[in-house]
A.B. asks: 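Pasting in a structure now, in structure tokens, and then I'll have a few things to ask.
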Amino acid sequence: MLRMSSLFLRTLRDDPADAEVASHKLLVRAGYVRRIAAGVYSWLPLGYIIYRNIERVVREEMDAAGFQEVHFPALLPKEPYERTNRWAEYGPDLFRLQDRKGGDYLLGPTHEEMFTLMVKGEYSSYKDLPLSIYQIQTKYRDEPRPRSGIIRGREFVMKDSYSFDVDDAGLEVSYEKHRQAYIKTFDRLGLKYNIVKAMSGAMGGSRSEEFLAPCPTGEDTYVLCEKCGYAANVEAMTTPDVKVEGATPPAIEVLDTPNTPTIDSLVDVMNAKFGPGHKASDTLKNILLIADGEAISVLVPGDREVDVKRVQANLAGVKELRLFEEEDFAKRKELVKGYVGPQDAKRFGLKLYADPRVAVGTHWITGANQLNKHARYVTHGRDFTVDGFIEAVEVRAGDACPQCQSPVIIDRAIEIGHIFQLGRKYAQALDLTVLDADGKSQVVTMGSYGIGVSRAVAAVAEQSHDELGLVWPLEIAPAKVHIVATGKDDLPFDTAEKLASSLEANGITVMLDDRREASPGVKFKDAELIGNPIIVIVGKALADGKVEVRIRKTGEKREIALSDALTEISSLVRSHKNSIA
RNA sequence: CGGGGCGUAGCGUAGUGGCUAGCGCGCUUGCUUUGGGAGCAAGAGAUCGAGAGUUCGAGUCUCUCCGCCCCGACCA
């Protein structure tokens with residue numbers, strides 16, 4: 001039983017000055033966490049209870065799925081990370097330190113190497129697989145900018161699992177098992193979330209999905225089709241095939257278009273020259289970029305912006321990508337800023353990529369590669385060809401869903417989980433092989449699956465709060481029932497005490513506000529701020545032999561006979577989970 | 001790393017180069033009060049982020065450093 005009279009807790013009346021998002025403000029105000037350094041937080045008793053409850057749910061679901069828990073150190077030697085080149089690749093995001101002998105160590109940002117080596121050390125036969133093991137561990141990443149309180153820290157707790165299989169079919173099964181376990185986990189945590197197609201990114205691998213908890217302050221942007229349920233991270237969003245119809249356009253015609261370095265000015269001139277009706281979407285933008293030092297051009301319709309992050313995500317292997325700057329134009333005189341067209345790309349030795357909207361057979365008004373000149377009827381397939389199609393435009397609300405063509409919506413969310421098929425990258429680098437049934441050596445294929453445990457505390461807080469304070473789901477709340485005793489006599493306090501004991505005896509956790517000196521107002525405010533799902537007030541109504549029961553989430557209140565309190569509250573907890581939390 | 005902002009008591013904040021750095025919350029003591037962050041009275045609590053400088057005099061002006069927040073870049 002948590003007694004407010006002795007609980008190590010001080011609630012704050014004002015929002016902390018350094019907090020911006022709701023979860024951060026409320027977790028600090030309600031006395032759950034305190035900041036220690038940028039992106040580094042301490043858990044106070046209430047916060048640690050929430051944290052442990054979430055960890056417990058995660059652990060139970062992992063165990064239920066048959067995965068086995070292990071535990072690695074957070075402090076790791078650099079050697080395994082050198083073998084996969086991540087000691088170098090991770091760069092400044094890695095917390096590095098040396099021991100007294102000058103040996104290099106790191107604080108683990110993620111543990112693929114350690115898991116791979118652990119399995120390599122024990123297993124060597126296909127008969128040992130499949131295997132899934134996990135840990136719940138503090139991770140360290142020296143983020144360039146920690147933000148949003150607990151949501152994005154430099155120290156955080158993650159549950160990471162890894163699956164090991166002999167072949168792709170096995171990996172698919174392991175992946176699916178994790179996916180199901182994640183669904184159960186997040187459902188129990190009371191989180192609203194979408195499972196979203198993601199890019200596997202720098203980690204390589206194929207299938208990849210993110211579990212995103214929608215909330216306005218989230219850092220991730222994703223698209224959702226409300227009609228068919230398609231959901232994807234903006235980087236992974238694909239464009240439906242473009243149908244090209246109509247006759248072959250006339251041959252290229254070069255036009256004098258003085259002072260038209262922008263799409264808008266070009267459209268105006270075209271309308272003046274050939275009559276109204278020309279749109280920005282009839283023109284073609286040639287966006288020049290530097291990809292790892294090499295100039296490339298990306299083609300998008302003129303009414304669209306290029307999303308550099310998306311381009312990079314879709315250009316395999318490119319580490320650094322940036323837009324052309326003045327000095328780049330200065331070096332490449334043949335590329336006339338504002339008048340670039342794809343028809344001379346081969347001659348310029350420029351790699352060309354097209355957004356799918358710039359399909360083969362489409363024709364465009366675009367630059368003529370001469371100052372103050374544009375060309376029309378420039379046709380993909382006839383007048384230029386590309387080195388590849390990549391998703392390049394900034395995704396907009398209303399874009400067509402790749403599955404059903406309906407307009408999609410765009411939303412923000414917190415990433416609470418990520419599952420993906422790693423493939424053989426780490427097994428290869430660290431030489432994790434097993435003998436198959438034919439006695440041949442096979443490189444193991446792996447999956448990697450993460451849940452942000454500490455982040456989930458903030459995600460729930462972010463999704464579940466109101467103007468009064470936090471609103472915890474039953475499963476993870478500090479206590480199921482928050483009993484407030486009011487009045488100056490002993491009776492309400494004694495009564496509350498007895499009710500609390502009998503609830504606890506029935507396995508229902510209780511927080512009891514047994515403070516004699518605090519005013520009722522303070523106790524009510526604290527109860528609402530702290531956010532336990534059921535609030536029971538033992539006070540005024542006691543004169544009629546009643547107590548008041550309030551549902552934190554809905555604000556619903558009613559008085560019930562004290563004699564029924566134990567059974568009524570028990571049944572609320574046991575059978576009304578969904579309506580109260 | 002670029003841009004912006006901020007560092008004054010546990011928290012939130014005021015402070016015009018000039019007397020003993022002020023207020024609210026919280027805390028302590030006493031009395032009163034007890035269904036919506038109570039009232040009265042008396043207290044404790046600050047090397048004003050650090051260092052250097054200008055000045056008769058610096059929380060206030062200058063410089064350097066440190067820390068923190070926001071936007072961007074970045075981010076299994």
Side-chain angles (χ1 to χ4, degrees), chain A residues 9-21 24-25 28-29 31 34-40 84 86 89-94 108-113 115 139 141-149 151-154 156 158 160-162 198-205 208-210 217 219-220 233 235 308-309 312-313 319-323 415 417-422 425-426 446-452 468-469 484-489 491-493 513 515-529 535 537-543 547-548 550 557 559:
Chain A
L9 170 72
R10 188 107 301 151
T11 57
L12 305 176
R13 201 180 286 230
D14 302 306
D15 285 334
D18 59 359
E20 201 78 10
V21 301
H24 190 192
K25 287 179 183 169
V28 171
R29 270 191 61 204
R34 290 288 181 262
R35 195 185 66 80
I36 296 299
V40 181
T84 53
R86 289 167 97 190
E89 269 174 13
Y90 234 98
D93 282 11
L94 199 59
T110 171
H111 284 75
E112 281 83 358
E113 284 82 353
F115 275 88
K139 309 275 183 178
R141 288 182 201 171
D142 195 358
E143 297 276 355
R145 186 151 88 84
R147 71 186 97 176
S148 308
I151 296 176
R152 186 180 186 75
R154 293 191 295 171
F156 57 97
M158 172 176 281
D160 51 331
S161 318
Y162 301 85
M199 302 292 289
S200 37
M203 308 299 298
S208 172
E209 289 165 297
E210 287 170 354
T217 50
E219 297 183 273
D220 285 356
N233 195 305
E235 273 104 45
V308 177
K309 281 173 80 168
Q312 178 158 16
K319 290 212 167 58
E320 201 196 328
L321 187 69
R322 61 171 177 84
L323 290 165
E415 181 184 353
H418 193 175
I419 55 178
F420 66 103
Q421 301 187 353
L422 260 185
K425 173 176 172 173
Y426 288 91
M446 294 168 57
S448 164
Y449 318 89
I451 289 178
L468 296 171
V484 175
T486 67
K488 53 183 168 183
D489 307 321
L491 183 64
F493 288 88
D513 200 339
R515 293 175 295 179
R516 297 296 289 247
E517 68 286 357
S519 71
V522 168
K523 294 181 181 181
F524 296 153
K525 289 287 184 204
D526 275 348
E528 283 146 359
L529 179 61
I535 299 171
I537 297 154
V538 182
K540 228 167 50 177
L542 212 50
V547 295
E548 183 180 323
R550 296 184 186 174
K557 26 178 119 168
E559 292 190 345

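In what follows, chains carry the letters A, B, and so on, assigned in the order in which the sequence lines appear, proteins first and then strands, with residues in each chain numbered from 1.
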A.B. asks: Starting at OG1 of A/Thr110, measure out to CZ of A/Arg86 and round the result to the nearest 0.5 Å.
C.D. replies: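 The distance works out to 5.0 Å.
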
A.B. asks: Please list, chain by chain and in numerical order, all residues satisfying side chain to side chain donor-acceptor pair (under 3.5 Å) with A/Arg516, sequence neighbours excluded.
C.D. replies: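 Only A/Asp490 meet the side chain to side chain donor-acceptor pair (under 3.5 Å) criterion with A/Arg516.
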
A.B. asks: Counting only side-chain heavy atoms from C-beta out, which of B/rU34, B/rA38, B/rG37 sits nearest to A/Pro520?
C.D. replies: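 So the nucleotide nearest the side chain must be B/rU34.
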
A.B. asks: When you compare B/rC19 with B/rG57, how far apart are their C1' atoms, in angstrom units rounded to a whole number?
C.D. replies: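 To the nearest whole Å, 12 Å.
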
A.B. asks: Measure from the side-chain heavy atoms of A/Asp526 and tell me the nearest of B/rC69, B/rG37, B/rG36.
C.D. replies: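 Given the options B/rC69, B/rG37, B/rG36, the side chain of A/Asp526 is closest to B/rG37.
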
A.B. asks: In whole angstroms, how far is the P atom of B/rC75 from the CD atom of A/Glu89?
C.D. replies: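 Atom-to-atom, A/Glu89 to B/rC75, this comes out as 12 Å.
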
A.B. asks: Let me know the distance between CZ of A/Arg147 and P of B/rC74, rounded to the nearest Å.
C.D. replies: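 Rounding to the nearest Å, CZ of A/Arg147 and P of B/rC74 are 11 Å apart.
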
A.B. asks: What's A/Arg35 touching, base or sugar-phosphate or nothing? Going by heavy atoms closer than 4.0 Å.
C.D. replies: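 Counting heavy atoms under 4.0 Å across all strands, the contact made by A/Arg35 is with sugar-phosphate only.
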
A.B. asks: State which residues pass side chain to side chain donor-acceptor pair (under 3.5 Å) with A/Asp15; sequence neighbours excluded, sorted by chain then number.
C.D. replies: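 Result, side chain to side chain donor-acceptor pair (under 3.5 Å) vs A/Asp15: none returned.
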
A.B. asks: Looking at B/rC74, B/rU34, B/rG26, which one has an atom nearest to any side-chain atom of A/Lys488?
C.D. replies: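 Of the options given, the side chain of A/Lys488 lies nearest B/rU34.
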
A.B. asks: Could you please spell out the steps behind the side-chain hydrogen bond (donor to acceptor under 3.5 Å, both in side chains) verdict for A/Ser208 and A/His418?
C.D. replies: CA-CA 7 Å; A/Ser208 172; A/His418 193 175; 2.8 Å; yes

A.B. asks: Look for any protein N or O under 3.5 Å of an N or O in nucleotides 1-11 of chain B and output each such pair with its distance, or none.
C.D. replies:
none

A.B. asks: B/rA21 and B/rG59: how far apart are their C1' atoms, nearest whole angstrom?
C.D. replies: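 Comparing C1' positions in B/rA21 and B/rG59 gives a spacing of 8 Å.
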
A.B. asks: When we call it a touch if two heavy atoms are under 4.0 Å apart, what does A/Ala19 touch: a base, just sugar-phosphate, or nothing?
C.D. replies: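 Counting heavy atoms under 4.0 Å across all strands, no contact is made by A/Ala19.
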
A.B. asks: Checking contacts here: which listed nucleotide (B/rG36, B/rC74, B/rC70) is nearest the side-chain heavy atoms of A/Lys309?
C.D. replies: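 It is B/rC74.
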
A.B. asks: Taking only Lys NZ, Arg NE, NH1 and NH2, and the carboxylate oxygens of Asp or Glu, determine whether A/Glu112 and A/Lys425 approach each other closer than 4.0 Å.
C.D. replies: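 So A/Glu112 does not pair with A/Lys425 through a salt bridge.
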
A.B. asks: For RNA chain B, which consecutive runs of 3 or more Watson-Crick or G-U pairs (each distance under 3.5 Å) count as stems?
C.D. replies: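 The stems that RNA chain B takes part in, listed by first number, are B:1-7 with B:66-72, B:10-13 with B:22-25, B:27-32 with B:38-43, B:49-53 with B:61-65.
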
A.B. asks: Heavy atoms only: give me the nearest A/Val484-A/Ala527 pair and the separation to one decimal.
C.D. replies: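 Looks like CG2-CB, 4.3 Å.
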
A.B. asks: Ignoring backbone atoms, establish whether A/Lys525 has a side-chain N or O less than 4.0 Å from OP1 or OP2 of B/rG37.
C.D. replies: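 For B/rG37, neither OP1 nor OP2 has a side-chain N or O of A/Lys525 closer than 4.0 Å.
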
A.B. asks: Can you find a donor-acceptor pair, distance only, under 3.5 Å between A/Glu528 side chain and B/rG37 base?
C.D. replies: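 No such pair is found, so the answer is no.
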
A.B. asks: Among B/rC68, B/rG37, B/rC75, find the nucleotide with the atom closest to the side chain of A/Ala38.
C.D. replies: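 That would be B/rC68.
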
A.B. asks: Suppose you measure atom C1' in B/rG5 against the same atom in B/rC31; what distance do you get, rounded to whole Å?
C.D. replies: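 Those two atoms are separated by 47 Å.
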
A.B. asks: In whole Å, what separates the P atom of B/rC61 from that of B/rG17?
C.D. replies: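 It comes out at 8 Å once rounded to the nearest Å.
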
A.B. asks: Scan A/Thr486 against the nucleic acid and name what it touches under 4.0 Å (heavy atoms): base, sugar-phosphate only, or nothing.
C.D. replies: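 If one applies the 4.0 Å heavy-atom cut-off, A/Thr486 turns out to touch a base.
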
A.B. asks: Nearest to the side chain of A/Asp18, which nucleotide is it out of B/rC68, B/rG37, B/rG72?
C.D. replies: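 The answer is B/rC68.
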
A.B. asks: Say we look at B/rA58 and B/rA41: how far apart would their C1' atoms be, to the nearest angstrom?
C.D. replies: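 37 Å, rounded to whole Å.
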
A.B. asks: Identify the heavy atoms of A/Pro109 and A/Leu94 that sit nearest to each other, and give their distance.
C.D. replies: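 Residues A/Pro109 and A/Leu94, closest heavy atoms: CG-CD1, 3.3 Å.
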
A.B. asks: How do A/Arg10 and A/Tyr449 order along RNA chain B: which one's closest nucleotide is nearer the 5' end?
C.D. replies: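 Nearest nucleotide further toward 5': that of A/Arg10.
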
A.B. asks: Mind listing the closest non-hydrogen atom pair of A/Ser448 and A/Tyr162 along with its distance?
C.D. replies: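 Looks like OG-CE2, 3.7 Å.
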
A.B. asks: How close or far is atom P of B/rU34 from atom CZ of A/Phe524, stated in whole angstroms?
C.D. replies: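 After rounding, the reported distance stands at 14 Å.
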
A.B. asks: Mind checking the C1' distance from B/rA14 to B/rG2? Whole angstroms is fine.
C.D. replies: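 Approximately 33 Å lies between the C1' atom of B/rA14 and that of B/rG2.
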
A.B. asks: For the pair made of NZ in A/Lys25 and P in B/rG12, what is the distance, rounded to whole Å?
C.D. replies: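 Interatomic distance, NZ of A/Lys25 to P of B/rG12: 13 Å.
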
A.B. asks: What heavy-atom pair brings A/Gly153 and A/Glu143 nearest, and what distance separates the two atoms?
C.D. replies: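 Looks like O-CG, 3.9 Å.
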
A.B. asks: Could you tell me which non-hydrogen atom of A/Asp142 sits nearest to which non-hydrogen atom of A/Pro92, and how far apart they are?
C.D. replies: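 Minimum heavy-atom contact is CB-O, 3.7 Å.
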
A.B. asks: Could you work out the separation of B/rU16 and B/rG12 based on their C1' atoms and round it to a whole Å?
C.D. replies: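 Looking at atom C1' only, B/rU16 and B/rG12 are 24 Å apart.
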
A.B. asks: Who pairs with A/Arg35 by side chain to side chain donor-acceptor pair (under 3.5 Å), at least two apart in sequence or on another chain?
C.D. replies: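 Checked A/Arg35 against side chain to side chain donor-acceptor pair (under 3.5 Å); matches are A/Asp18.
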
A.B. asks: What integer distance in Å separates A/Arg152:CZ from B/rC69:C1'?
C.D. replies: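 Computing the A/Arg152:CZ to B/rC69:C1' distance gives 15 Å.
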
A.B. asks: Using the C1' atoms only, state how far B/rU34 lies from B/rU8, rounded to an integer number of Å.
C.D. replies: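 Comparing C1' positions in B/rU8 and B/rU34 gives a spacing of 37 Å.
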
A.B. asks: Specify the residue among A/Leu529 and A/Asp160 whose closest nucleotide of RNA chain B lies further upstream toward the 5′ end.
C.D. replies: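 With A/Leu529 and A/Asp160 compared, the 5'-side residue is A/Leu529.
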
A.B. asks: How would you label the contact of A/Glu548 with the nucleic acid (heavy atoms, under 4.0 Å): base, sugar-phosphate, or nothing?
C.D. replies: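 A/Glu548: base contact, heavy atoms under 4.0 Å.
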
A.B. asks: Separation of A/Asp513 atom CG from B/rG36 atom P, in whole Å?
C.D. replies: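 Spelled out: CG on A/Asp513 to P on B/rG36 is 15 Å.
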
A.B. asks: Could you pull out all residues at least two apart from A/Asp526 that satisfy salt bridge (Lys or Arg N to Asp or Glu O under 4.0 Å)?
C.D. replies: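 A/Arg515.
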
A.B. asks: What is the distance, rounded to the nearest whole Å, between atom CG of A/Leu321 and atom C1' of B/rA73?
C.D. replies: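 Atom CG in A/Leu321 sits about 13 Å away from atom C1' in B/rA73.
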
A.B. asks: What integer distance in Å separates A/Ile537:CD1 from B/rG35:P?
C.D. replies: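 Result: 12 Å.
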
